[in-house]
Amino acid sequence: MRVLVTGGAGFIGSHITTALVAAGHRAVVIDALLPSAHPAGTAPEGPYERLIVADVRDPGAVAGALAGVDAVCHQAAMVGLGKDFADAPLYVGCNDLGTAVLLAGMAAAGVRDLVLAGSMVVYGEGRYDCPRHGSVRPGPRARQDLEAGRFEPRCPSCGADLVPGLVPEDAPADPRNVYAASKLAQEHLAAAWARATDGRAVSLRYHNVYGPGMPRDTPYAGVASLFRSALARGEAPRVFEDGGQRRDFVHVTDVAAAAVAALTALPQRVPGALTAYNTGSGEPHTIGEMAAALASAYGGPPPVVTGEFRLGDVRHVTADSRRLRAELGWLPQVAFADGMREFAAAPQRGGASAPPGGARLADA
């Protein structure tokens, strides 16, 4: 099949394009080459059939890109928490208006299969259990608690310590920042498109994706990229809060394989609905553990735990990815320690520096 990959020259999109071609499909890419994702302003070479340098908010460019396409893998988005709330128009414009223009173009072109880059951030805080009240959903953490170093959410009913767990796909959505709200809006738009057109849609709710080709030195990158950028500058990774935040770090090649599996399975799905799949490694680690593993593999200074915080951050969010494994037969292949060693030795987008002894680390 011929697949249009929006944002296909970006970090995750380029890996998806490569995986699609390796699986015998053809890839058409549309990418605006935004500076936040492409610091050098140029697209990497790829096995795509055609590269269209344009914004998905441009209806004419989208119509041209959709010609002769069988399915769409929508990766184009502004990612990360951003710098402050002034970024809100950029997030809503890129993520939600861009998705609306794309879906309108798909409706007009008769393209009925969509895989969307979703995100686990739609859940807000993850699942928690209270010894007395069972499963609970704590509200946003108060500034005064964070300033006092009280980072763990408490039971909203009795104030007891909570035990974090895995979030299933049917958990209520509770976006806690602008980026999260924009990702949830993308899912709602895709679901509305599927109902209106008898389309088939899947949202892969990515966890913390990392791996070769992440952009360097940008405030819009994920935490793994920020830490790797610091190490490349000879600086220690700065870990916010106490480093105990739980996340699921999933390698980009595993995410690309999930996208190919979802695209391949779309023609067999019942039309008129969107299905969400959590897409993670299944191995939760703390931010502090990840920073330490990356610094050790790089051979750089150990992380510094700063106690800083951002109000839009959540404490723990790790999700249950069993549905994706059971229904699409997908299994992650890259273990955490192996992935961190590879990432430490890999160049980042916008900077070609390798770590001291990088070749040796790659061979180990």
For [X] and [Y], work out which heavy atoms get closest and say how close.
X	Y	answer
Ala256	Ala19	CB-CB, 4.0 Å
Gly7	Ala76	N-CB, 3.6 Å
Val304	Ala236	CG2-CB, 3.8 Å
Arg228	Leu294	N-CD2, 3.8 Å
Gly211	Val252	CA-CG1, 4.1 Å
Arg141	Val314	NH2-C, 3.8 Å

With a 4.5 Å cut-off on side-chain heavy-atom distances among I, L, V, M, F, W and Y, is there a chain of contacts connecting [X] to [Y]?
X	Y	result
Leu266	Val21	no
Val223	Val305	yes
Tyr210	Tyr298	yes
Leu184	Val178	yes
Val72	Val3	no

With the side chain counted from C-beta on, respond yes when [X] and [Y] share a heavy-atom pair under 4.5 Å apart, and no when they do not.
X	Y	answer
Trp193	Met106	yes
Arg200	Leu114	no
Pro164	Arg127	no

Inset, instruction - Would you please indicate yes or no on a ring centroid separation below 6.0 angstrom for His285 and Phe336? - result: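 Here the rings of His285 and Phe336 have centres that are less than 6.0 Å from each other.
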Does [X] use its side chain to pair, donor to acceptor, with the backbone of [Y] at less than 3.5 Å?
X	Y	answer
Asp254	Val334	yes
Ser225	Gly222	no
His25	Leu263	no
Asn278	Asp320	yes
Gln348	Ala346	no

Legend entry - Residue among Gln245, Arg246, Glu125, Glu152 satisfying side-chain hydrogen bond (donor to acceptor under 3.5 Å, both in side chains) with His316: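 Output: one option passes, namely Glu152.
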Legend entry - Thr318 and Arg247: side chain donor to acceptor below 3.5 Å: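 No donor-acceptor contact under 3.5 Å links the two side chains.
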Legend entry - Qualifying residue for side-chain contact (heavy atoms from CB on, under 4.5 Å) with Tyr48, from Thr18, Val5, Val29: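 Looking at Thr18, Val5, Val29, the match for Tyr48 under the side-chain contact (heavy atoms from CB on, under 4.5 Å) is Val29.
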Inset, instruction - Please name the residue in the list Arg315, Arg137, His133 that meets the side-chain contact (heavy atoms from CB on, under 4.5 Å) test with Tyr128. - result: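 For Tyr128, the side-chain contact (heavy atoms from CB on, under 4.5 Å) check succeeds only for Arg315.
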